Amino acid sequence: MRPHSTTVQATTEPTTALVRVLSLMDNASRAIGRPDARLLAVSKTRDAQAIARLADAGQHTFGENYVQEALPKIAALRELGLEWHLIGHLQSNKADAAARAFDWVQTVDRIKLVTALARHRPEPLPPLNVLIQVNIDDETSKSGCHPHDITTLADAIASQPRLRLRGLMAIPAPDPDMRRRRTAFRAMADLFKTLQHDHPGIDTLSMGMSEDFIEAIEEGATMVRVGSLLFGPRPPKSESHA
Ligand SMILES: *Cc1c(COP(=O)(O)O)cnc(C)c1O
């Protein structure tokens, strides 16, 4: 395993952490001769003030896991013009709120969600950017579609004028063996390439978190989702978000 988790210490100084993460991302992209991957700053459990500080440092793309938690932050920071991605499991009864508040939904994994998001995306807003979440290796997770279902979902999304298919997302099992994580990343990169044949407009493969974003980029990620390395360790999970 690479020593990046020791070279990037989560710090209370978000600007420093941001610069370090971006520089490691840049090195990884350069090493494989690919354009820079995008950084999604994962701001679940962080308050609007912490997000504003990172925005001040130049970060404009943020990811949230829970619609209810995100809505007040999105409202409070509206004038900063940030781009908001939903990266947590989305229940169909929250599709309405998600389609209005977010710019991207990365966790579309069933047809019911496709139709609900399309129906609720308000007309004055541009089409909602959508990623299909794929369950690549985590049998314990109930989120993400089976790889065999990608084509059907992609065609359904592409047929909706209020949605824009941008690519694929995955949360591989947090295997301590980094080789197995790489195997999952590589499998996702293959699925992404296959999907690009039928949907040449897609441009986003979202995978990799604080522990493995460098490996993810090396295997083909175009967007990584980093939380604790930017904001510091998260407080233990509370039941209130369930
Ligand atoms: C929390 C979360 C992340 C970020 O995790 P860190 O380990 O804090 O970087 C990324 N993606 C998803 C889907 C998450 O829920």
Side-chain angles (χ1 to χ4, degrees), residues 1-2 4-12 14 16-25 28 37-47 50-51 53-54 59 61-70 73 83-91 94 98 102-109 113 129-138 140-145 166-176 178 181 184-185 188 204-217 219-242:
M1 204 197 294
R2 270 151 210 280
H4 68 266
S5 41
T6 51
T7 54
V8 197
Q9 289 295 332
T11 155
T12 48
T16 313
L18 178 63
V19 168
R20 284 191 193 145
V21 169
L22 287 173
S23 133
L24 286 165
M25 288 174 59
R38 286 181 74 195
L39 173 62
L40 181 71
V42 176
S43 49
K44 63 179 174 222
T45 76
R46 320 296 177 173
D47 61 20
I51 297 169
R53 272 200 299 273
L54 209 58
Q59 176 65 26
T61 315
F62 290 87
E64 288 280 340
N65 287 60
Y66 306 99
V67 175
Q68 294 311 319
E69 180 191 333
K73 298 190 222 176
E83 184 180 289
W84 293 96
H85 293 227
L86 182 67
I87 60 171
H89 179 74
L90 178 59
Q91 294 165 300
K94 303 235 170 73
F102 284 88
D103 303 292
W104 291 58
V105 173
Q106 297 204 2
T107 48
V108 172
D109 59 0
L113 218 41
N129 297 291
V130 162
L131 300 182
I132 298 171
Q133 183 182 356
V134 182
N135 187 341
I136 194 66
D137 67 353
D138 191 351
T140 63
S141 166
K142 292 190 186 72
S143 297
C145 74
R166 299 296 295 265
L168 302 177
M169 178 270 208
I171 313 172
D175 197 310
M178 200 53 83
R181 289 200 212 186
F185 290 150
M188 284 301 301
T204 304
L205 177 55
S206 166
M207 57 186 191
M209 322 204 296
S210 288
E211 274 195 347
D212 54 15
F213 69 98
I214 292 180
E215 287 82 358
I217 290 173
E219 301 298 345
T222 70
M223 180 183 289
V224 294
R225 310 179 306 263
V226 177
S228 29
L229 271 186
L230 295 171
F231 290 102
R234 266 187 302 279
K237 240 185 191 161
S238 80
E239 296 301 304
S240 61
H241 293 309

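Given the structure is predicted, the values throughout are model-derived calculations rather than measurements. Remember, it's 1-based here, ligands and their atoms both numbered in the order they're listed. Because only heavy atoms are used, hydrogens play no part in the values below, and waters and symmetry mates are left out as well, while side chains stay in.
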Tell me whether Glu64 is salt-bridged to Lys73, with the criterion being a basic N under 4.0 Å from an acidic carboxylate O. yes
Just checking, any donor-acceptor pair under 3.5 angstrom between side chains of His89 and Gln91? no
For Gln133, check side chain to side chain donor-acceptor pair (under 3.5 Å) against everything at least two apart and list the hits. none
Would you indicate whether the side-chain heavy atoms of Arg38 and Met25 approach each other to under 4.5 Å? no
Distance under 4.0 Å, heavy atoms only, partner ligand 1: which residues pass? Val42, Lys44, Asn65, Ile87, Ile171, Met209, Ser210, Arg225, Val226, Gly227, Ser228, Arg234
Is there a side-chain contact between Thr61 and Gln59 in this structure, where contact means two heavy atoms from C-beta onward sitting under 4.5 Å apart? yes
For Phe231 and Ala50, work out which heavy atoms get closest and say how close. CE2-O, 3.8 Å
